[in-house]
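All remarks here apply to the structure that follows.
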Amino acid sequence: MKRALSLAAALALVLSLTACGAPKKAETSLFAMDTYMTLVAYGDGADEALTESARAINELEQLLSRTREDSDVWRINHGGGKVSSETVQLLARALAFSDETGGAFDITVAPLVDLWAINSDHPHVPSQAEIDALLPLVGSEHVSFGARESAAPGSYDVAYVDEGCAIDLGGIAKGYASDAVKEIFAAHGVKSGTVSLGGNVYVCGMRPDGKPWNVAVQDPQGDGYACILSLSDTFVVTSGGYQRFFTAEDGTVYQHIIDPATGAPARSDLLSVTVICPDGTRADAYSTALYVMGEEAAVGFWRLQQDDPFEAVLITADGRLVCTPGLTDHFTKQEGASYEIQFLSR
Amino acid sequence: MRSNSSPAKTRPTPWDALVVAAVVLLGALTALLFYGPKAHADAPLTCVVSVGGQVADAAPLASFSGEHTYSHNGYTLTVFVHDGQVEVLHSDCPGQDCVRSGAISRAGQSLVCLPAQVVIHLEGAVDGPDVIVG
């Protein structure tokens with residue numbers, strides 16, 4: 001009898017350990033912010049975290065969309081006015097990134113994005129005169145925001161742009177959304193999960209088996225992966241011109257990222273830029289900026305960020321995969337990818 | 001503290017060893033179940049097609065060859081499955097990102113048509129990445 005009881009108790013113990021070893025998994029997907037998003041979370045709070053994350057993403061889209069007529073960004077681009085403090089905070093960050101990157105990242109490039117219309121039904125190659133006419137509208141100096149006193153006690157936030165100018169927060173909105181998801185995961189006790197908002201990824205904690213997440217960097221020249229990065233608790237954002245582009249009648253390929261300095265699609269010697277850092281908004285802005293800069297300036301920019309370093313993978317048009325040294329222990333070369341691997345030094 | 005006056009009763013018996021062995025075996029099996037590999041290396045790829053958020057097709061890639069047509073939101077896509085890969089052959093959506101994305105052939109990869117809200121996803125093989133960025 002004692003042996004039977006011992007065996008039953010042991011079985012109960014093993015089964016209880018089983019429950020500990022299999023955290024609850026929840027996943028959801030949604031179309032938002034002009035991309036397809038998938039979110040996976042593990043743990044008791046996973047369902048609630050995903051529900052709240054999806055709601056937060058949709059709310060942010062409503063605030064930050066350039067095309068929705070009830071959004072803050074629409075209001076800013078059409079005469080300006082009262083906006084949420086969240087929008088103003090993001091505007092401030094966007095302008096700071098523009099300043100940091102010497103204008104390589106610039107939210108005021110929107111009129112030129114419209115001119116080229118590369119993501120639309122009717123992309124076209126504008127004349128240099130058309131481009132020159134809009135270039136003066138590009139620049140952070142055209143954006144104003146701040147608090148305004150209301151008739152009632154208190155104040156509210158306003159933002160506007162100079163006449164003819166426009167902003168597009170699409171270059172950092174998904175990064176900002178991924179930061180918001182990180183906070184929601186933490187609030188619900190989620191310690192393991194992955195968030196993929198188009199080219200913006202957040203890996204939360206470790207995998208349920210205790211290992212880092214394997215993040216594959218898409219090969220811009222094929223259907224495979226350029227490399228695998230083993231990462232935890234960080235953001236990974238890729239920018240490149242290899243998925244959204246159009247081919248003109250003369251055969252010239254124009255990718256969708258506009259260089260604010262020239263008003264034309266960036267003629268980068270990079271195929272893609274992947275930035276890894278613990279700030280999703282920053283990673284989003286930097287990935288675009290480094291792509292526009294090109295390899296030499298991007299590496300120079302990376303070297304200057306000594307106080308707040310980030311990691312990056314640059315895939316060059318001449319067949320090299322350039323990594324920052326902090327990725328050395330996290331990097332796995334992919335079989336089949338023919339890139340020459342180079343690690344930078346500080 | 002007093003020593004036990006009948007040591008013969010506390011001596012392990014073969015039955016006790018059997019209980020210990022069973023517990024150890026169950027523990028090992030449990031660990032293997034939850035921390036071991038989740039699939040075999042030769043596990044076949046499954047092609048899952050979602051249209052407007054609903055799964056429209058889910059089939060082993062090997063038995064899903066040929067052209068498949070999906071319509072949603074006023075757009076129509078022709079998906080071509082051949083030689084272990086999937087591509088969007090034609091779409092009347094603006095942008096054509098889904099067509100330009102080329103072919104996919106590995107677990108974890110997806111083709112997405114945003115205007116039509118069609119997602120083609122490959123899943124099933126072991127050792128694939130957890131998430132893809134790009």
Side-chain angles (χ1 to χ4, degrees), chain A residues 3-4 6-7 10-11 13-15 17-18 20-22 29-31 34-36 38 40 118-123 194-196 198-203 207-210 212-220 222-226 228-229 236-240 242-246 272 274 276, chain B residues 9 13 15-16 18-20 22-38 50 52-53 73 85-87 92-122 127-134:
Chain A
R3 287 191 192 99
S6 300
L7 186 57
L11 281 170
L13 177 64
V14 168
L15 289 173
L17 290 173
T18 298
C20 294
S29 59
L30 67 154
F31 290 93
D34 198 26
T35 196
Y36 178 66
T38 56
V40 179
I118 289 175
N119 291 327
S120 75
D121 278 339
H122 305 291
T194 61
V195 175
S196 176
N200 292 55
V201 162
Y202 164 56
V203 285
R207 302 194 321 189
D209 63 4
W213 298 98
N214 289 323
V215 181
V217 176
Q218 182 74 40
D219 184 347
D223 70 342
Y225 313 128
I228 302 281
L229 303 173
V236 191
V237 183
T238 295
S239 287
Y242 58 97
Q243 281 186 332
R244 291 186 172 182
F245 59 86
F246 89 98
S272 77
T274 301
I276 302 101
Chain B
K9 285 186 179 178
T13 69
W15 284 108
D16 294 323
L18 193 64
V19 169
V20 169
V23 170
V24 168
L25 185 65
L26 275 170
L29 285 172
T30 304
L32 196 64
L33 184 64
F34 290 99
Y35 296 104
K38 298 292 184 291
S50 301
N73 275 358
Q85 55 185 12
V86 188
E87 61 184 311
D92 55 8
C93 67
Q96 296 285 299
D97 291 345
C98 53
V99 177
R100 290 175 184 144
S101 295
I104 57 172
S105 60
R106 302 181 185 207
Q109 290 183 316
S110 298
L111 293 168
V112 178
C113 181
L114 292 171
Q117 296 200 337
V118 171
V119 180
I120 303 143
H121 184 68
L122 294 180
D127 292 338
D130 299 302
V131 62
I132 300 167
V133 66

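These numbers come from the heavy atoms of this one structure, side chains and all, not from hydrogens, waters or symmetry mates. Below, chain A is the first sequence line, B the second, and so on; all start at residue 1. Everything quoted here is computed from the prediction, not taken from an experiment.
Not a single donor-acceptor pair under 3.5 Å links the side chain of A:N214 to the backbone N or O of B:D130. Panel note: side chain B:R100, backbone A:F245; a donor-acceptor pair is recorded below 3.5 Å.
Contact count versus chain B (heavy atoms, under 4.5 Å) is highest, among A:W213, A:F246, A:F31, for A:F31. Chain B forms more heavy-atom pairs under 4.5 Å with one residue of A:S239, A:G224, A:S196 than with any other, namely A:G224. By number of non-hydrogen pairs under 4.5 angstrom with chain B, the leading residue of A:I228, A:L30, A:T35 is A:T35.
Heavy atoms closer than 4.5 Å to chain A are found in the backbone of B:C113, but not in its side chain. For A:V40, no part sits under 4.5 Å from any heavy atom of chain B, backbone or side chain. Of the two parts of A:D219, neither the backbone nor the side chain holds a non-hydrogen atom closer than 4.5 Å to a non-hydrogen atom of chain B. In this structure, the portion of B:V119 lying under 4.5 Å from any heavy atom of chain A is its side chain and not its backbone. A:S29 does not touch chain B: none of its heavy atoms, backbone or side chain, sits under 4.5 Å away.
Using a 4.5 Å heavy-atom cutoff, the side chains of B:Q109 and A:Q218 are in contact.
Taking CD1 from B:I132 and OG1 from A:T194, the interatomic distance works out to 11.0 Å, rounded to the nearest 0.5 Å.
In this structure, A:V236 and B:V133 approach most closely via the heavy-atom pair O-CG2, 3.6 Å.
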